[in-house]
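Note: hydrogens, waters and symmetry copies are ignored here, and every other heavy atom, side chains too, is used. Computed from a predicted model, the values in this text were never measured in an experiment.
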Amino acid sequence: MAMKRVIKGVHVIPMGMANAFLIDGDDGLTLIDAGYPNKEAAVLGAIRALGRSPRQLKHLIFTHGHPDHIGSGAAIVRETGARTYMHPLDTPMAETGGPFRPMTPAPGLLRRILCNLLYHPEERMEPVAINEPLTAGKILSIAGGFDVIHTPGHCAGQVALPWLPGRVLFAGDVCMNIMGLSDPVGFENLAEGRASQRKLASLSFDAAGFGHGEPIASDASSRFRNKWCNKTAA
Ligand SMILES: [Zn+2]
Ligand SMILES: [Zn+2]
């Protein structure tokens, strides 16, 4: 599967059951997340398809330190020289390449099956060095600016990243968009995860990208509100 445009300047790159996002900014290219291992060719192909060269990838921002988001990180950095960014709570997992913190499956049978199938805390990845810590509440001044919002629960060092010029929320694994907005496969802390979902539902944005599932191109924040702000929501 090849990359697909989400909105002007933002493409989703399938990285094997996980997504990465490529942003074409004034200061070069920025990648959000790095998928499973051995998927670097998908990113390099996407860069070339935009008429750019791998060295024009300047920034690699990780939403969190799970294997399916850092897997091809080291290989991508080798090919591009991109600077890397991650929340300090997850940096040790990325820089050692595992093991990873355990998660409890999210409520429901399907998520229990998926979590046990897809998430293996003892797994080992090629370590990837992190150049800059992501600090919550600060604007990250690359690609025109991202807000950095700490969204623990699924993973203690997870951040969500609203990209300000395009009004796109990169939600990481705060939720998925598979058969509608829904929980990630698991949580380190369910109550924190719910609080993070409600925090994102209180924001205003147009489009949204997820670690897993289809991006939403327009009117995304109303879907978040319907899912997590009404009284009957889980
Ligand atoms: Zn995750
Ligand atoms: Zn994931």
Side-chain angles (χ1 to χ4, degrees), residues 1-15 18-35 39-64 69-70 72-88 90-91 94 128-151 158-172 174 200 203-211 214-221 224:
M1 273 215 300
M3 70 167 175
K4 248 179 20 194
R5 183 179 182 270
V6 181
I7 62 158
K8 187 176 184 297
V10 180
H11 289 81
V12 59
I13 307 173
M15 301 283 283
N19 297 320
F21 294 89
L22 190 59
I23 299 172
D24 200 349
D26 295 338
D27 52 351
L29 299 171
T30 297
L31 185 70
I32 313 266
D33 284 333
K39 298 288 177 189
E40 59 274 14
V43 170
L44 300 173
I47 291 171
R48 292 197 179 96
L50 292 178
R52 307 291 205 102
S53 73
R55 301 302 295 186
Q56 286 175 294
L57 183 71
K58 299 297 181 193
H59 310 283
L60 169 48
I61 309 174
F62 296 102
T63 58
H64 62 298
H69 296 252
I70 66 166
S72 293
I76 291 167
V77 169
R78 257 195 311 277
E79 296 287 335
T80 64
R83 283 188 77 69
T84 54
Y85 304 77
M86 185 178 276
H87 190 281
D90 277 14
T91 295
V128 54
I130 302 302
N131 300 125
E132 292 192 27
L134 290 174
T135 310
K138 272 206 178 160
I139 304 262
L140 184 62
S141 58
I142 59 179
F146 293 89
D147 271 335
V148 179
I149 302 175
H150 188 210
T151 51
Q158 181 164 247
V159 296
L161 299 154
W163 181 48
L164 305 174
R167 290 182 50 79
V168 184
L169 172 71
F170 295 100
V174 172
L200 297 190
L203 306 176
S204 172
F205 47 90
D206 294 332
F210 308 89
E214 282 293 305
I216 299 172
S218 62
D219 206 23
S221 55
F224 276 67

Which distance, rounded to the nearest 0.5 Å, do you find between the [atom1] of [X] and the [atom2] of [Y]?
{"X": "D90", "Y": "H64", "atom1": "CG", "atom2": "NE2", "answer": "7.5 Å"}
{"X": "I61", "Y": "M86", "atom1": "CD1", "atom2": "CE", "answer": "11.5 Å"}
{"X": "K58", "Y": "T30", "atom1": "NZ", "atom2": "OG1", "answer": "10.5 Å"}
{"X": "N131", "Y": "H59", "atom1": "CG", "atom2": "NE2", "answer": "11.0 Å"}
{"X": "T151", "Y": "L200", "atom1": "OG1", "atom2": "CG", "answer": "6.0 Å"}
{"X": "I13", "Y": "L22", "atom1": "CD1", "atom2": "CG", "answer": "4.5 Å"}

Which heavy-atom pair separates [X] from [Y] by the least distance, and what is that distance?
{"X": "P165", "Y": "A143", "result": "CG-O, 3.6 Å"}
{"X": "N19", "Y": "P14", "result": "OD1-CA, 4.3 Å"}
{"X": "D33", "Y": "A20", "result": "O-CB, 3.3 Å"}
{"X": "G145", "Y": "I139", "result": "CA-CG2, 4.3 Å"}
{"X": "V128", "Y": "G73", "result": "CG2-C, 4.0 Å"}
{"X": "Q158", "Y": "G172", "result": "OE1-C, 3.9 Å"}

Margin query: Run the side chain to side chain contact (heavy atoms under 4.5 Å, CB included) test on I142 and Y85 for me, step by step, so that the C-alpha distance in whole Å, both residues' side-chain angles and the decisive distance to 0.1 Å come before the verdict.
Written below: CA-CA 11 Å; I142 59 179; Y85 304 77; 4.0 Å; yes
Does the [X] side chain pair with the main chain of [Y], one donor and one acceptor, at a distance under 3.5 Å?
{"X": "T84", "Y": "A129", "answer": "yes"}
{"X": "S221", "Y": "F205", "answer": "yes"}
{"X": "S72", "Y": "K39", "answer": "yes"}
{"X": "W163", "Y": "V10", "answer": "no"}
{"X": "D206", "Y": "S218", "answer": "no"}

Next item on the list: In sequence, state the C-alpha distance, the side-chain angles, and the governing distance for V43 and M15, and then conclude on side chain to side chain contact (heavy atoms under 4.5 Å, CB included).
Entry: CA-CA 8 Å; V43 170; M15 301 283 283; 3.6 Å; yes
Taking the side chain as C-beta and beyond, is there a heavy-atom pair between [X] and [Y] under 4.5 Å?
{"X": "D147", "Y": "L164", "result": "yes"}
{"X": "M3", "Y": "L50", "result": "yes"}
{"X": "L161", "Y": "I32", "result": "yes"}
{"X": "T80", "Y": "L44", "result": "yes"}
{"X": "H69", "Y": "T63", "result": "yes"}

Item checked: Criterion ring-ring contact (aromatic ring centres under 6.0 Å, His included) against F21, the qualifying member of F170, F62, F146 ->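 The residue from F170, F62, F146 that satisfies ring-ring contact (aromatic ring centres under 6.0 Å, His included) with F21 turns out to be F170.
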Notebook entry, point to check: Among T135, I149, L134, whose side chain to side chain contact (heavy atoms under 4.5 Å, CB included) with V159 holds?
Noted result: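 Answer after filtering T135, I149, L134: L134.
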Checklist line | Partner of D24 under side-chain hydrogen bond (donor to acceptor under 3.5 Å, both in side chains), chosen from R52, K8, H11 | finding: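 Among R52, K8, H11, the one that satisfies the side-chain hydrogen bond (donor to acceptor under 3.5 Å, both in side chains) with D24 is R52.
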